[in-house]
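Structure first, then comments.
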There are 2 protein chains.
Amino acid sequence: MINFEDYAKSAFTVDNIIFGFDDGNLKVLVIKRGEAPYEGQWALPGNFVYPNEDLDASANRVLQELTGLKDVYLEQVRTFGAVNRHPMGRVITVAYFSLIKITDYKLQGTAPLSKKTEWVSIKDATNLAFDHDEILTACFNRLKRRVRMRPVGFELLPRKFTLTELQHLYEAILEPSKEIDKRNFRKKILSMKILVDLGETQEGVAHRPAKLYKFDKKKYKKFVEEGYIFEI
Amino acid sequence: MINFEDYAKSAFTVDNIIFGFDDGNLKVLVIKRGEAPYEGQWALPGNFVYPNEDLDASANRVLQELTGLKDVYLEQVRTFGAVNRHPMGRVITVAYFSLIKITDYKLQGTAPLSKKTEWVSIKDATNLAFDHDEILTACFNRLKRRVRMRPVGFELLPRKFTLTELQHLYEAILEPSKEIDKRNFRKKILSMKILVDLGETQEGVAHRPAKLYKFDKKKYKKFVEEGYIFEI
DNA sequence: AAAAGTAATTGTAATTCCTACAATATGTAA
DNA sequence: TTACATATTGTAGGAATTACAATTACTTTT
């Protein structure tokens, strides 16, 4: 139970919007609130920033408490501070988003918290508590832009993936735009030379198995130093 | 004199980095601090967020108190909250930047505050108080990106401008990249059809006078609704 | 064993966009 | 009248983007 007196007249929090990709859909992790305000409603994961905690550290903590994961992609998006955004006082929140490999999360299994969590498709994540609809929209918009300018999409895929999976990821995120041409997408991605053909293929599929690739982070970094600019 | 007790254990502020364009150079407005900490050092303009004030409103207030201007381009950039960024306690700051027509500021003349302010070229704005060097860098980087994806450069120019002035503006902001080809720049900008030829020319110059243009905001908005994406 | 089903893989031509590059025009100052 | 300073304009070559469909490799069904 949070005692608001402890946080003085005003408080600040971080919210960490956790994105995952599963079953061809972009998903976000939501939490059912166990206490007022908005008890019983779904909300985005967040927490107060501790007095001796940097902002990024706080966002990472929220992630780790929920998923057990650390060292994942994390990006600050925007700070929300409308005077009445929190019914119990002035609370300013710094919004972050994380990109995780949803399979890793599944392996962790039980979340170490008693909170009820759920992955929901981005389009179904509405009517959230507080101003979380607005926060989610801002984070999703940022992700759409980010994914086109930096190779962060790989953070959402398993280490080994097929080109079709990668394309589906882009389609799920950029959705409203028209669908992507298979040949042109492959041409473009492969021409970047930041994927490694692992020489392996899919197993257990009822059709021609696809080749598996992985993202070559070191090579990408080297290219960046040489002035390369990722864009899709 | 600020009494830190009033802001409890932690406080939040906004910093508003005010950019102007003058004499072919991108400039920022800095303030000489009149009190501890960092007394006598240059700093970025900022202030505490009042209890009943939204964040954007707070940033606008900082701008207006300094320049008398309102209704100018304002954008939130990032929030800085390192535990020890402020020597007198935990202070989290939300960084914004504003783009103003420096000529308008000059007309205002005397700043209504007793603070000593100065326009300095972006490259000379170093050794600022607090973590303001880092904040300025973040805002400048954001501006570089923004100016290529949205037609915000016009906010820094007088209402009527020449194509050469516009090009110089882009060169000043994107500087480190190679200089822009005159013909290609004009072709590109004019092909966007978001500039209006005012049918007037420069006066008082010792050479062929250039045509004056203005940015057609309404037309741009209509194009955006039709799916147009500005890029330079 | 053959056929049907399913998704993976691959190339080319047309078009659009980007880049490099220099001569002429229009004003003021000497 | 000449010198000076900057404004204005076009074209050709190369690069990137787009549109578009047949063949391949594997599993499942008959």
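Between B:I189 atom CD1 and D:dT9 atom P there is a gap of 15 Å when expressed in whole angstrom units. Rounded to an integer number of Å, the gap from A:E200 CD to C:dA8 P is 17 Å. Atom CG in A:L163 sits roughly 20 Å away from atom P in D:dT24 (whole-Å rounding). Rounded to whole angstrom, the span from the CD atom of B:E179 across to the C1' atom of C:dC21 amounts to 13 Å. Remark: P of D:dA7 and CG of B:L166 are 13 Å apart, rounded to the nearest angstrom. Here the P atom of nucleotide C:dT12 and the CG atom of A:D181 are 16 Å apart, to the nearest Å. The distance between atom CG of B:N184 and atom P of D:dA15, rounded to the nearest whole Å, is 16 Å. Going from atom CZ of B:F185 over to atom P of C:dA20 covers 16 Å, rounded to whole Å.
In summary, A:R146 and A:E75 engage in a salt bridge, as defined by a charged side-chain N under 4.0 Å from a carboxylate O.
Rounding to the nearest 0.5 Å gives a distance of 9.0 Å between CD1 of B:I92 and OG1 of B:T13. Rounded to the nearest 0.5 angstrom, A:L156 CG and A:L169 CG are separated by 5.5 Å. The structure places CD1 of B:I180 at 10.0 Å from NZ of B:K188, a figure rounded to the nearest 0.5 Å.
If you check every strand for non-hydrogen atoms under 4.0 Å, B:T164 touches sugar and phosphate atoms only.
Proximity of residues 202-212 of chain A to DNA chain D (heavy atom under 4.0 angstrom from any strand atom) is restricted to A:V205, A:A206, A:H207, A:R208, A:P209. Using a 4.0 Å cut-off on heavy atoms, none of the residues of residues 222-232 of chain A approach DNA chain D.
Atom CD of A:E226 sits in a crowded spot, with more than 12 heavy atoms from other residues, nucleotides or ligands closer than 6.0 Å.
Among the nucleotides C:dA20, C:dC21, D:dT18, the one closest to the side chain of B:R183 is C:dC21.
Taking 4.0 angstrom as the limit, B:R186 places a side-chain polar atom (N or O) nearer than this to OP1 or OP2 of D:dT8.
In this model, no side-chain donor or acceptor of B:K182 finds a partner on the base of D:dT9 within 3.5 Å. The base of C:dT19 has none of its N or O atoms less than 3.5 Å from a complementary donor or acceptor on the side chain of B:K188.
No close placement of the A:F161 and A:Y213 rings is indicated, their centers lying 6.0 Å or farther apart.
Residues satisfying the side-chain hydrogen bond (donor to acceptor under 3.5 Å, both in side chains) test with B:K187, not counting sequence neighbours, are B:N184.
Using cut-offs of 30° and 60° for the angle between ring planes, the A:Y220 and A:F215 rings count as tilted.
Taking the ring centre of A:F140 as origin, the terminal cationic atom of A:K144 falls inside the region bounded by 6.0 Å and 45° from the ring axis.
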